Number of protein chains: 2
Amino acid sequence: MTAVKDIGRFFNPRNIAIVGASKTPGKIGHEIVRNICLSGFEGGIFPVNPNANSILGLKCFKTLRDIPSEVDLALIVVPAELVEKIVQDCVDKHVPAAIIITSGFSESGHKELEDRILAIARSKLRIVGPNTFGIYYAKSKMNATFGPSKVLEGKTAFITQSGALGLALMDWTTEEKYGISSIVSIGNKSDVDDADLVEFFADDSSTKCLLIYMEGLKNGRNFFEASKRAVIKKPIVVIKAGRSARGAQAASSHTGSIAGQDTIFNAAFEQAGIMRAEEMTQAFDWMQAINENPVPRGEDLAIVTNGGGIGVLATDKCSELGLKLMDLPDDLKEELKECLPSFGSIRNPIDMTANADDVLYGKVLGILAKRKEVDGIIALFCQTANIDPMLVAQVIMTIRDQERLTKPLTCAFIGGHLSQLAYSRMLEKKFAAYPTAERAVDAMYALIARYRLLNSLELG
Amino acid sequence: MTAVKDIGRFFNPRNIAIVGASKTPGKIGHEIVRNICLSGFEGGIFPVNPNANSILGLKCFKTLRDIPSEVDLALIVVPAELVEKIVQDCVDKHVPAAIIITSGFSESGHKELEDRILAIARSKLRIVGPNTFGIYYAKSKMNATFGPSKVLEGKTAFITQSGALGLALMDWTTEEKYGISSIVSIGNKSDVDDADLVEFFADDSSTKCLLIYMEGLKNGRNFFEASKRAVIKKPIVVIKAGRSARGAQAASSHTGSIAGQDTIFNAAFEQAGIMRAEEMTQAFDWMQAINENPVPRGEDLAIVTNGGGIGVLATDKCSELGLKLMDLPDDLKEELKECLPSFGSIRNPIDMTANADDVLYGKVLGILAKRKEVDGIIALFCQTANIDPMLVAQVIMTIRDQERLTKPLTCAFIGGHLSQLAYSRMLEKKFAAYPTAERAVDAMYALIARYRLLNSLELG
C-alpha cells in the first residue's frame, strides 16, 4: 500500500460516509448529514449508524464495511472512546480521508488517545481534526459542517483553528456578502495542518485568497516554506492570536497551542510574504479589495471626495499606512478644473464639494480611470440631502464594468440608510466598498502591499 | 446696550426667523423651514422673504423688521453679498443670535467680508458660521439644519467643522441607533467657537458626552481651558484631522485651518483630559460605552466568552490597550467551576465553550455582577447553531435592568443575521453592544480611561 499524501479527497470526494449519523435533529451527527444534503452535494451520501435504517431519507449502514462501494471521505462523529475503532475501520476499507469531528483528545489532555489514532492512520489515512466542525467547499457544493446551512460562495478560503469563531464567521461572511470558497476547521491539527492546506489552496482554481486564523503552529518551517511558494500565486492573510503574553496563555488553555514569541512570528510572516491582519474585519476588508481588483501597477493614488473632512481623514490614514497620494500632473489638474466647481479642490484629495452629483462623480472618475499616471483610486461619498447614494454607486459600477477599469478602486459610502443600501449593493456586485473612509484606505493598502510583494519577488 | 455673551439662545430660542426662506423644495432656504416645522419646534417660526406671502403654510415677512415680536434666533440663508445687510438688520432688531448658513467667506478667500460682518455684530449679536448647515438640538425639538429630517435623540453632542461629514453622520447616528442630543455645524468659527460650545454643553443636562470633529483651532488656549473645566463633568472625545503633513495641507485647503503640529495637539489633549479617537466609528463606540454605563470603580476586568478564539483575540486587545484582566480569586473560581462544563476554562477569559446557552450566560454573568472584586465585564458571544443570540441578549438585559448591575458591561455578538438582530436590539435598549470582540474591548478602554481621569483629578 502506498502512502496517501494528497489531501484533494477532503474537497473533491466522490462520496461521503458519516459515521455516527443520527436521526435526531439538533445532534451534530444529524446536522452534518442535513447540511451535506442541503448544500446540493452530488456524490453518494452514506450515513452509518448500527441502530437506524434510514436518516433523512438516505439508506443507513450498520458499519463502514457494509457500504457497497469505495468511500472517499469519512466524517467521524462517534463518542471519543469509539473513534480509534472507526479509524481502524477506515484503514481497513482503504478510505483515504477522514474528518474527526469528535472532541476530547489532545485539546483536553488526552494526547495518548490522539497518538494511538495517528499510529493506526499513519501513511494510509489522512486526518483533519480531531475536534473540528468540518469542511465546506463551494466548488463541490459540499457543506460537511455542523455550521449554518446557508453559506455564500466567494473567493476566499478560510482555515480556522478556532471552532466557535469559524462557525460565527461562516454566518458573518454570508450576512456581509463577502462569501467564501471554502472553510476548513483545522481542529487539533493531528495530521493535516496549515502547511498542507496552504499547498492545496495555492493550486485551487476556486480560491483567490487565503485567510488563516492561527493560535499556534506545530511545524513552523513547513508552513513558512509552503507559504513562500503560495504567495506568488495568491495572497495569504493571517490573524495570529496570542500576540500578548496573556493572550498566549489564553491560547494555550484554549487549543493547547504554544503561541511562541510574537516578534519571531512577525518576522517570519514578513519574510514569507504573508500579510498579518490585526482583526477579522480588517482581514476581510483586505481580501475583498484583493479579490475584486487587479493588482496595481504602481503606487500613485488619487482620492476623490464630496466632503473635505473625510478627504482629510483619508489623507491622514494614507500617511499612517505609508501610502502615496500622488501630485497630480498639471494637465490633469486643468482637465479637472473644467468639471469642478470653483470652490472645489484640484489638489489630491480631489474635493468636488457637497454639491457633487452622480454626473460629476462619473466625469471625474472617468478622467482618472483613463489616466495612466494614476495607479489606484479611492472614491469617497458623504451622504447629502440632494443625491441618492445609489446613483453614485451606479456610476462607479458603470465605470468598472462598461468602461473596463484596469486599475484598483476602493470606495466608501458614509451616511445613513441610503448609504448602507448603496454600499451593500456594491458588495453584492463584487466591489471593494466600505462604510468608512479609513476602511477604504486600508483596503487600498492591501492592494499596494500585494503590488510591493510581487514587485520585490520579480526583482529578487 | 450690554454685550451678549450667552449662547443659550442658539439652543433654546423662543422663536426663529429664517431670512432667505424659500417656497422652492430642494432649496436650502426651504429645507430648513421644513425641518424646523417637522421636528416639532414649539416656538414661533417666521420665514422672511420679500417676494412671498407664505411658505409651508407659515406667514412670510418682507424683512426682519416686519416681524411683530422680538426674535431670538435668526437663520441667514441669503446670498453672500446680502449677508452684511441682514446682519445689520439683526443688530437693529436686537436679535441676540444668528446662524449664517451662507458660504463664500473666509473659507473661499473672502476674509474681509467676514471681518466686516463681525465688526457689525461685535458685542451685540453672536454668530455661528458662516458656512454651516445649522444646529439640531433635541431638547428644544429644533432641527434648524438642511440635513436629514429624521434624527434620533441620544446623549452625545456633536460639534463638527466639516459640513459634509456632519450631515452624513447625522444620518449615520440614526441608522446605527446611537442618536445625538445636538449637532452644531460650526463652520468658519468667525465668532462662536469650540470653546463656547464646550462651555455650553458642559452644563447642558441633555448631553452626557461631547464629540468634536476638528481640523484646526483659532484660539487653542480658550478651548483647552474650557475643556479642562468641562471634562470633570463629562467626557470630551475629539477627532482631530490633519494629523499628517499631507492631511494638514488638505485641511488647509478645506477649511483654511492651520492644523498645527500634531504632537503638540496630542500633548494638549492629554493635559486637558480630552480623549482623542482615531476614527469616527471608534469615537461613537467610546461614547456608546460611556453614555450607557456607570464609571468603573477600579480596573479589574473579566471576560466571559463561548469561544476560545475570540477570548484570545480579546485578551490580545486588552494587552495592546493596557487593560488589566484580573486574576480571579480562588473562591470565585470555585463558584464558576460548578457551572462550567469540565472542558471550559475558569481562568480569565472565562471560556464557557461553544455549548454555553443563555442559562449558563445568565449564571456566570450573575456571579460576576455580584462580585465586588470585578470592576467591569466584557461579554462575548460567538453565534452557534444551537442557540439564538437574542436569548443571550435578553439575559444580559435582564441582569442590567432587573438585577441592577452597578458596574460597566460591554458586549459583542459575532455572527450572521441573528447576531446582528441581537446586537441591534441591544443598541436600541441602550447597551454598549458591538459586532466584534475588539470593539467591545476598545469600548471598555474608554470607560477605564474615564475612571483613570476622574481618579487623577480626585488625587490631584
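Every chain is numbered from 1 and lettered A, B, ... according to where its sequence line falls, protein lines coming before strand lines. Computed from a predicted structure; not experimentally measured.
- Taking the side-chain hydrogen bond (donor to acceptor under 3.5 Å, both in side chains) definition, one finds that A:Asp285 meets it with A:Tyr178, A:Arg439, sequence neighbours left out.
- A:Asn348 is listed as a side-chain neighbour of A:Ile303, based on a closest heavy-atom distance under 4.5 Å.
- Your options are A:His417, A:Glu320, A:Arg246, and the one with the most heavy-atom pairs under 4.5 Å with chain B is A:Arg246.
- For B:Ile239, the part lying under 4.5 angstrom from a heavy atom of chain A is the side chain only.
- Contacts between B:Asn306 and chain A at a heavy-atom distance below 4.5 Å involve the backbone alone (N, CA, C, O).
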Point to revise | Evaluation steps, ring-ring contact (aromatic ring centres under 6.0 Å, His included), between B:Phe381 and B:Tyr361 | key: CA-CA 9 Å; B:Phe381 177 78; B:Tyr361 265 93; 5.8 Å; yes
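- Interface remark: A:Pro148 contributes no atoms to any contact with chain B (heavy atom separation under 4.5 Å).
- If you tally non-hydrogen atom pairs under 4.5 Å between each of A:Leu169, A:Leu165, A:Thr281 and chain B, the highest count goes to A:Leu165.
- Salt-bridge check for B:Lys317 with A:Glu279: passed, with a basic side-chain N closer than 4.0 Å to an acidic carboxylate O.
- With a 4.5 Å cut-off on non-hydrogen atoms, A:Glu31 does not touch chain B at all.
- When heavy atoms are compared at a cutoff of 4.5 Å, B:Gln420 approaches chain A solely by way of its side chain, counted from C-beta outward.
- A 4.5 Å side-chain heavy-atom check between A:Gln383 and A:Leu418 finds at least one atom pair inside the cut-off.
- Highest contact tally toward chain A, considering only B:Thr353, B:Ile310, B:Thr305, B:Leu325, is held by B:Leu325 [criterion: heavy-atom pairs under 4.5 Å].
- Contacts of A:Thr174 with chain B are absent, with no heavy-atom separation under 4.5 Å from either backbone or side chain.
- The greatest number of non-hydrogen atom pairs below 4.5 Å with chain A, out of B:Ser244, B:Gly307, B:Ala164, is found for B:Ser244.
- Of all the listed residues (A:Leu167, A:Val312, A:Thr315), the one sharing the greatest number of non-hydrogen pairs under 4.5 Å with chain B is A:Val312.
- Looking at A:Glu175, only its side chain comes within 4.5 Å of chain B, counting heavy atoms on both sides.
- Neither the backbone nor the side chain of B:Thr384 comes within contact range of chain A, judged by heavy atoms closer than 4.5 Å.
- Taking the six-membered ring wherever Trp is involved, the centroid distance between the rings of A:Tyr136 and A:Phe158 does not fall below 6.0 Å.
- In summary, B:Arg276 and B:Asp262 engage in a salt bridge, as defined by a charged side-chain N under 4.0 Å from a carboxylate O.
- Contact annotation for B:Arg347: only side-chain heavy atoms (C-beta onward) come within less than 4.5 Å of a heavy atom of chain A.
- Residue contact with chain A, scored on non-hydrogen atoms closer than 4.5 Å, is absent for B:Phe133.
- Salt bridge present: A:Lys324 and A:Asp300 bring a charged side-chain N and a carboxylate O closer than 4.0 Å.
- Between B:Lys240 and B:Glu215, none of the side-chain N atoms (NZ, or NE/NH1/NH2) sits under 4.0 Å from a carboxylate O, so this pair counts as no salt bridge.
- With chain B as the partner, the residue from A:Ser103, A:Gly163, A:Gly309 showing the most heavy-atom pairs under 4.5 Å is A:Gly309.
- In this view, B:Ser162 satisfies the side-chain hydrogen bond (donor to acceptor under 3.5 Å, both in side chains) rule with no residue, not counting sequence neighbours.
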